[in-house]
Number of protein chains: 2
Amino acid sequence: MFQYRVLSAGVTADTLSCKVQDISAPNEATILALLDRLGIDLGFARHAVIFQEKDQAAHFYRLVKGTVQLSKLRINGRRQIVRLVLPGDLFGFEADELRRLTAESLDEAVVAQYPTEVLDQIGNGSPQLHRAVMRFLRLQLFSTQEHAVMLGRQTALERVAAFLHLLAKRKNIKNGGVLMLPMRRRDFADYLGLSVETVSRMLTKLKDAGLIAVSKNHGKFVIRDIDSLEDVMLDAKAYGLS
Amino acid sequence: MFQYRVLSAGVTADTLSCKVQDISAPNEATILALLDRLGIDLGFARHAVIFQEKDQAAHFYRLVKGTVQLSKLRINGRRQIVRLVLPGDLFGFEADELRRLTAESLDEAVVAQYPTEVLDQIGNGSPQLHRAVMRFLRLQLFSTQEHAVMLGRQTALERVAAFLHLLAKRKNIKNGGVLMLPMRRRDFADYLGLSVETVSRMLTKLKDAGLIAVSKNHGKFVIRDIDSLEDVMLDAKAYGLS
DNA sequence: CGTAAGGTTGATAGGATTCAATGTACGTGG
DNA sequence: CCACGTACATTGAATCCTATCAACCTTACG
């Protein structure tokens, strides 16, 4: 459908190794070294489905460029996004045989695809690689737990602040910097467990308080005061906003 | 404090291998075979702290008997339980060097303790073990994601129903069977992201609808209609309860 | 039997959703 | 190039759900 092959010329060892620098955690160079040889690069247009719940899971992926979200759809139509995948992240090997999540691109994305067997090969290979993958899974688990705490115990304003804070930190954005976020309000809301309207209201609240600026042009936020953003995220009431 | 050593006589290979049967997923016999030789059994009284946030993480654990909860405490005092550990489950190796969670026993619990180095040894050993641990982590990740969906997108009644349903399934309880749950309402609430009062109200709602019976004796629930419990969990409104 | 800890129930308030209307950017075709 | 339509965002008003506060009840236990 939207899927197309990328000329492998565009994305190769060079591009990858430069990407490796600005990645938060998961990617040990050791994994990449192995993966570089085995992957196929795929390109996806905006809002394309990379895989879906119930699909057979024969591959896992590494995001090379763009943004991808992993979500779950409930029978009554409600959706929860459980993870935001940023460049350099691995994704798509959380399932057994069948996918339990849906992966969609938020913008134009390039994704490296690997057969799941590679994971087993990693195990057979050096224990270093083994430890790297385990570490990645543990970090993944930890951040999902943090997400759960947010969904269970934070107010709407705290969630929005926490989300912006998280991304600003991960992308290493300082005060005055611009946070590019290709998500629509719908995705925003589904990640935070809120309605679009509430997200909108909380964003204007943060804007009015001078902590962020929202660009007319969708998907751009200016981080004005990241420390206050953190204060709000920890306890909106104590900060004086609610 | 509450912690005391258990005479290893009480809990040995026999007890373990019989436990292995009724466990959902994590425990491949292969892991256990290795672990049996390396662990130390510890006993904990009710509501004892096994480890705490910020503690140094030198060990991981397998629950032999009892129930353990893993939680996170926010600065404003709000708590979210992120996982309920049942007999046979591994826990306590999600952290790097410092604990990111607090582990507490809910009832009298026996826990096998292993040095974290064992994990690395597993990697050096057979790839079978390696795959088993990875599988465990992936399943863990999956169930945390499910938990996140619940916290983000389900109503109070749906959460309570889902929780009872989950445990009934895991402990293989049929209609008429008794679900033993040593949790207090406070823990119940903190797992579901609700207040104690709301949990209480939802339980009476389920009781009035005839789906469960709540024993006077704390911590005992009779599952009356597990299928309806599932219906409520999926969509309380559609089922006619709200 | 009396006290303490935990659970239930009621009344009220508050926060988030829902429904509805308006606003704004963007792309298409006249 | 402007008009118009579509998609998405914002704002307002009303409703609903859950939390909070408070009282009362139950169970466990000395």
Side-chain angles (χ1 to χ4, degrees), chain A residues 45-47 74 76-80 106-107 150-163 181-208 212-221 232 235-242, chain B residues 45-47 74 76-80 106-107 150-161 163 181-208 212-221 232 235-237 241-242:
Chain A
R46 284 187 83 207
H47 305 133
R74 276 163 49 69
N76 57 18
R78 303 201 137 204
R79 189 179 69 150
Q80 177 68 48
L106 288 171
D107 44 9
M150 187 198 81
L151 294 172
R153 290 300 185 206
Q154 286 187 254
T155 65
L157 186 59
E158 287 166 356
R159 295 184 204 191
V160 173
F163 187 45
L181 249 191
M183 300 169 89
R184 292 172 293 195
R185 292 290 178 276
R186 161 91 275 129
D187 302 319
F188 229 96
D190 286 344
Y191 183 84
L192 299 173
L194 300 170
S195 68
V196 278
E197 294 92 333
T198 301
V199 170
S200 190
R201 280 184 246 274
M202 299 305 137
L203 282 172
T204 48
K205 217 171 245 186
L206 290 175
K207 190 187 67 184
D208 292 349
I212 61 169
V214 182
S215 153
K216 306 271 171 195
N217 193 2
H218 292 166
K220 281 166 86 173
F221 299 88
V232 172
D235 196 331
K237 199 168 242 171
Y239 181 82
L241 274 181
S242 52
Chain B
R46 285 188 82 208
H47 306 134
R74 275 162 51 68
N76 56 17
R78 304 203 137 201
R79 188 179 69 151
Q80 177 69 48
L106 289 170
D107 44 10
M150 186 196 81
L151 294 171
R153 290 301 186 204
Q154 288 186 253
T155 65
L157 186 59
E158 287 165 356
R159 295 184 204 191
V160 174
F163 186 46
L181 248 193
M183 301 170 88
R184 290 173 296 195
R185 291 291 179 275
R186 162 91 273 129
D187 302 318
F188 228 96
D190 286 344
Y191 183 84
L192 298 172
L194 299 170
S195 68
V196 279
E197 295 93 332
T198 301
V199 170
S200 190
R201 281 184 244 275
M202 298 306 138
L203 283 172
T204 47
K205 215 172 247 186
L206 291 175
K207 189 186 68 182
D208 292 348
I212 61 169
V214 182
S215 153
K216 306 270 172 196
N217 194 2
H218 292 165
K220 281 167 87 172
F221 299 87
V232 172
D235 195 332
K237 199 169 241 170
L241 275 182
S242 52

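Proteins come first, then strands; the chains are lettered A, B, ... in the order of their sequence lines, and each starts at number 1.
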Check: Does the side chain of A:Arg184 get closer than 4.0 angstrom to OP1 or OP2 of D:dA7 through an N or O atom?
Finding: no
Next item on the list: Take the protein atom NZ of A:Lys207 and the nucleotide atom C1' of D:dA9, then report the distance between them rounded to whole Å.
Entry: 11 Å
Note to self: Here's a test of your reading of the structure: between B:Glu197 and A:Thr198, which maps to the more 5' nucleotide of DNA chain C?
What the structure shows: B:Glu197
Item checked: Basic-acidic side-chain contact under 4.0 Å: B:Arg79, B:Asp187 -> yes
Item checked: Between C:dT9 (C1') and B:Asp208 (CG): distance, integer Å -> 12 Å
Notebook entry, point to check: What's the CD-P distance between B:Gln154 and D:dC17, to the nearest Å?
Noted result: 16 Å
Checklist line | Any A:Asn217 side-chain nitrogen or oxygen under 4.0 Å from OP1 or OP2 of C:dC26 | finding: yes
Note to self: At less than 4.0 Å, is any side-chain N or O atom of B:Thr204 found next to OP1 or OP2 of C:dT9? Yes or no.
What the structure shows: yes
Notebook entry, point to check: Which part of the nucleic acid, if any, lies within contact of A:Leu194, taking any heavy atom under 4.0 Å across all strands shown: a base, the sugar-phosphate backbone alone, or nothing?
Noted result: sugar-phosphate
Margin query: Measuring to OP1 and OP2 of D:dA28, would you say a side-chain N or O of B:Arg46 lies under 4.0 angstrom away?
Written below: no
Note to self: Is there a side-chain contact between B:Lys237 and A:Asn76 in this structure, where contact means two heavy atoms from C-beta onward sitting under 4.5 Å apart?
What the structure shows: no
Notebook entry, point to check: Across the strands shown, which category fits B:Gly219 at heavy-atom distances under 4.0 angstrom: base, sugar-phosphate, nothing?
Noted result: nothing
Next item on the list: Starting from P on C:dG27, measure out to NE2 on A:His218 and report it in whole angstrom.
Entry: 11 Å
Margin query: Applying a 4.0 Å non-hydrogen cut-off, can you work out what B:Ser242 is touching in the nucleic acid: base, sugar-phosphate, or nothing?
Written below: nothing
Checklist line | A:Leu181 side chain reached by A:Phe163 side chain, heavy atoms, under 4.5 Å | finding: yes
Note to self: Over all strands shown, is B:Arg78 touching base, sugar-phosphate only, or nothing at heavy-atom distances under 4.0 angstrom?
What the structure shows: sugar-phosphate
Note to self: Rounded to whole Å, how long is the line connecting atom NZ of A:Lys216 with atom P of C:dC26?
What the structure shows: 11 Å
Next item on the list: Classify the side chain of B:Arg201 versus the base of C:dG7 as yes if they form a donor-acceptor pair under 3.5 Å and no if they do not.
Entry: no
Next item on the list: Starting from P on C:dG7, measure out to CG on B:Asp190 and report it in whole angstrom.
Entry: 12 Å
Notebook entry, point to check: What is the distance from CG of B:Leu241 to P of D:dC16, rounded to the nearest Å?
Noted result: 17 Å
Notebook entry, point to check: Do A:Leu157 and A:Leu206 have side chains that get closer than 4.5 Å, going by heavy atoms?
Noted result: yes
Note to self: Quick check: do B:Gln154 and A:Arg74 have side-chain heavy atoms less than 4.5 Å from each other?
What the structure shows: yes
Margin query: Quick check on DNA chain D: between A:Arg153 and A:Arg186, whose nearest nucleotide comes earlier from the 5' end?
Written below: A:Arg186
Check: Given atom CG of A:Leu203 and atom C1' of D:dT11, what is their separation to the nearest angstrom?
Finding: 14 Å
